2 protein chains.
Amino acid sequence: MGSVTFGSGAVHRRTLAVVSETPAARPRSHGERSGSRAERKERTRQNLLDVTLALIASRSLASISLREVARDAGIVPTAFYRHFESMDELGVELVDESMRPLRQMIREARRGQAAHSDIIKSTVDVLGSHVRSHPAQFRFLTRERYGGIAAVRRAIDTELRLFTSELTVDLARLTTGFDWTSEDLEMAADLMVQAMLATVMNLLEVDQRRVDDERTILDRAERQLRLIALGMGAWRSKP
Amino acid sequence: MGSVTFGSGAVHRRTLAVVSETPAARPRSHGERSGSRAERKERTRQNLLDVTLALIASRSLASISLREVARDAGIVPTAFYRHFESMDELGVELVDESMRPLRQMIREARRGQAAHSDIIKSTVDVLGSHVRSHPAQFRFLTRERYGGIAAVRRAIDTELRLFTSELTVDLARLTTGFDWTSEDLEMAADLMVQAMLATVMNLLEVDQRRVDDERTILDRAERQLRLIALGMGAWRSKP
DNA sequence: ATTTTCAGTGCACGTCCGTACACTCACTAG
DNA sequence: CTAGTGAGTGTACGGACGTGCACTGAAAAT
């Protein structure tokens with residue numbers, strides 16, 4: 001079970017279409033080795049990010065080596081530096097990358113909020129479906145949120161604050177008439193985000209867990225959010 | 001900046017008091033190298049745990065090496081195996097170790113609950129003081145709760161469930177008369193534990209953070225728990 | 001047509017790692 | 001008093017790691 005090295009023997013296969021005069025309409029083969037230099041570089045970079053995200057499934061970022069990532073991405077270790085200065089820097093970039101599904105989620109939740117009458121139910125459903133379709137991103141965010149790399153922790157924290165403040169704005173819209181201070185709104189939004197993040201981790205740890213199935217977890221999240229909403233109905237910011 | 005190896009030259013100094021006939025009243029020197037073999041072993045074992053806990057402050061368990069722990073504990077790497085089979089096993093033991101302050105906390109909170117009139121305030125205060133006096137343990141639990149080592153994650157999860165179910169019992173006592181199902185009580189307790197754990201991490205990350213000072217964080221936690229309590233007042237389990 | 005750029009290669013290095021093995025020698029049990 | 005135990009030692013190994021350096025060759029710039 002020695003080295004699984006490959007690529008060293010497989011010589012770079014250049015694009016064979018040399019005669020065609022139409023540069024716009026390429027055959028594109030099957031999306032293999034094509035594009036400008038910049039495009040190729042971007043693809044490798046993306047590959048490094050993807051591969052790292054896949055490795056996060058079972059381990060923490062701090063225990064993943066540069067060599068391992070390069071190996072899985074099909075490049076030589078030193079070529080890694082053409083894209084990132086270190087694994088830590090890659091980790092910070094990965095935060096942006098992983099926030100994309102979450103941002104898309106909040107947009108979709110807002111849409112559901114308009115259509116559906118039950119805001120909480122639709123929000124939880126959207127959460128569930130997004131976690132199911134982007135597990136790696138959510139796992140990365142929840143695992144590294146309090147993880148061992150300070151720079152990554154900081155980056156996630158910043159993004160999550162942004163997320164919370166967006167939710168705060170939504171809550172403000174729903175509580176006009178009640179005398180909520182923005183500080184209290186933010187506090188309530190933070191509690192909701194916490195509940196949702198804990199739900200995310202529960203969803204990701206299902207499978208190997210006892211009886212908890214997905215529906216049970218989402219039901220609980222729904223009840224927790226409903227409990228908070230109920231509390232907000234009874235709250236007075238300045239008593 | 002080569003090897004900082006030491007201990008190899010410092011020969012084991014045996015206890016010098018050989019003449020004294022009283023085996024009970026030892027001079028004890030200054031608590032250095034004394035005790036039975038079993039005691040010495042236990043002390044080394046504890047040292048390994050302590051040293052690891054200290055290293056967790058800035059990194060994750062998965063990135064801490066056996067050699068590093070052994071070095072800091074003042075023993076040779078191979079002697080590590082006299083105490084633990086691997087770093088993973090040490091991690092699982094560390095969970096028990098770290099739960100002790102938390103268990104003591106809940107006991108103290110219950111006492112405060114009896115004396116003080118405001119349960120929430122006293123609970124949050126107890127939380128704050130325990131985090132301040134046992135930062136390493138709390139950091140370990142929160143950092144490795146969703147960390148990279150499955151066995152440790154599992155162990156923490158189990159302990160936290162126990163903690164939650166203890167809180168559930170307390171809540172049941174406070175809500176007699178209201179028709180709460182035990183499932184809903186547990187859901188509410190879980191939300192409270194989540195809020196408290198998030199508070200713990202916020203407390204531990206203060207210092208290097210912006211303006212958030214300790215009091216601000218505890219105030220927020222207090223308001224979050226109060227919000228939940230308010231929600232519970234308005235809740236009906238089977239509507 | 002020529003030069004420049006630069007993503008990726010290949011090799012080499014020094015360091016740290018986990019762990020196997022044979023050992024010592026203070027304690028303990030008999 | 002003697003024999004056995006076992007916590008800790010010292011050496012040694014094979015392998016993985018991060019990274020420096022000189023390189024190649026296709027694409028881009030001139």
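All values derive from a computational prediction rather than experimental measurement. Chain naming here is simple, since letters A, B, ... match the order of the sequence lines and numbering starts at 1 in each.
The stretch residues 50-58 of chain B has no heavy atom under 4.0 angstrom from DNA chain C at all.
Atom CG in B:Asp72 sits roughly 14 Å away from atom P in C:dC16 (whole-Å rounding). The CG atom of B:Leu90 sits 15 Å away from the C1' atom of C:dG18 (whole-angstrom rounding). The nearest whole Å value for the distance from the CZ atom in A:Phe84 to the C1' atom in D:dT19 is 18 Å. D:dA28 atom C1' lies 14 Å from atom NZ of A:Lys41, rounded to whole Å. Separating the OH atom of B:Tyr81 from the P atom of C:dG18 is a distance of 7 Å, rounded to the nearest angstrom. Regarding A:Arg59, its CZ atom lies at a distance of 13 Å from the C1' atom of D:dC17, rounded to whole Å. B:Ile64 places its CD1 atom 15 Å from the C1' atom of C:dC16, with the value rounded to the nearest Å. If you take CZ of A:Arg43 and C1' of D:dA27, they are 14 Å apart, rounded to a whole angstrom.
Here B:Asp125 pairs with B:Lys121, B:Arg215 under the side-chain contact (heavy atoms from CB on, under 4.5 Å) rule; sequence neighbours left out.
Of the options A:Ile75, A:Leu66, A:Leu53, A:Asp72, a side-chain contact (heavy atoms from CB on, under 4.5 Å) to A:Leu48 is made by A:Ile75 and by none of the others. For the side chain to side chain donor-acceptor pair (under 3.5 Å) test with B:Glu159, the passing option among B:Arg154, B:Arg145, B:Arg103 is B:Arg103; the others fail.
Closest-nucleotide positions on DNA chain C for B:Ala38 and B:Ser65 were compared, and the one nearer the 5' end corresponds to B:Ser65. In terms of position on DNA chain D, the residue among A:Arg67 and A:Arg82 whose nearest nucleotide sits closer to the 5' end is A:Arg67.
Proximity note for B:Arg37 (side chain, C-beta onward) versus C:dG10, C:dT28, D:dA27: the nearest is C:dT28. Distance from the side chain of B:Val76 is smallest for D:dG10 among the nucleotides D:dC17, C:dT19, D:dG10. When each of C:dT9, C:dC17, D:dA7 is scored by its nearest atom to the side-chain atoms of A:Ile75, the top-ranked nucleotide is C:dT9. Counting only heavy atoms from C-beta on, B:Glu68 has its side chain closest to C:dC17 among C:dC17, C:dG18, D:dG8.
Taking a cutoff of 4.0 Å between a charged side-chain nitrogen and a carboxylate oxygen, B:Glu68 and B:Arg59 qualify as a salt bridge. With respect to the salt-bridge test (charged N to carboxylate O, under 4.0 angstrom), the residues A:Arg100 and A:Asp96 do not qualify.
You'll find the side chain of A:Leu90 stays beyond 4.5 Å of the side chain of A:Glu85, heavy atoms only.
Note on B:Arg71: a side-chain N or O is less than 4.0 Å away from OP1 or OP2 of C:dC17.
With hydrogens and angles ignored, a donor-acceptor pair under 3.5 angstrom links the side chain of A:Thr78 to the base of C:dG10. Between the side chain of A:Ser86 and the base of D:dG18, no donor-acceptor pair under 3.5 Å is found.
Note: B:Asn47 CG to B:Lys41 NZ = 14.5 Å, rounded to the nearest 0.5 Å.
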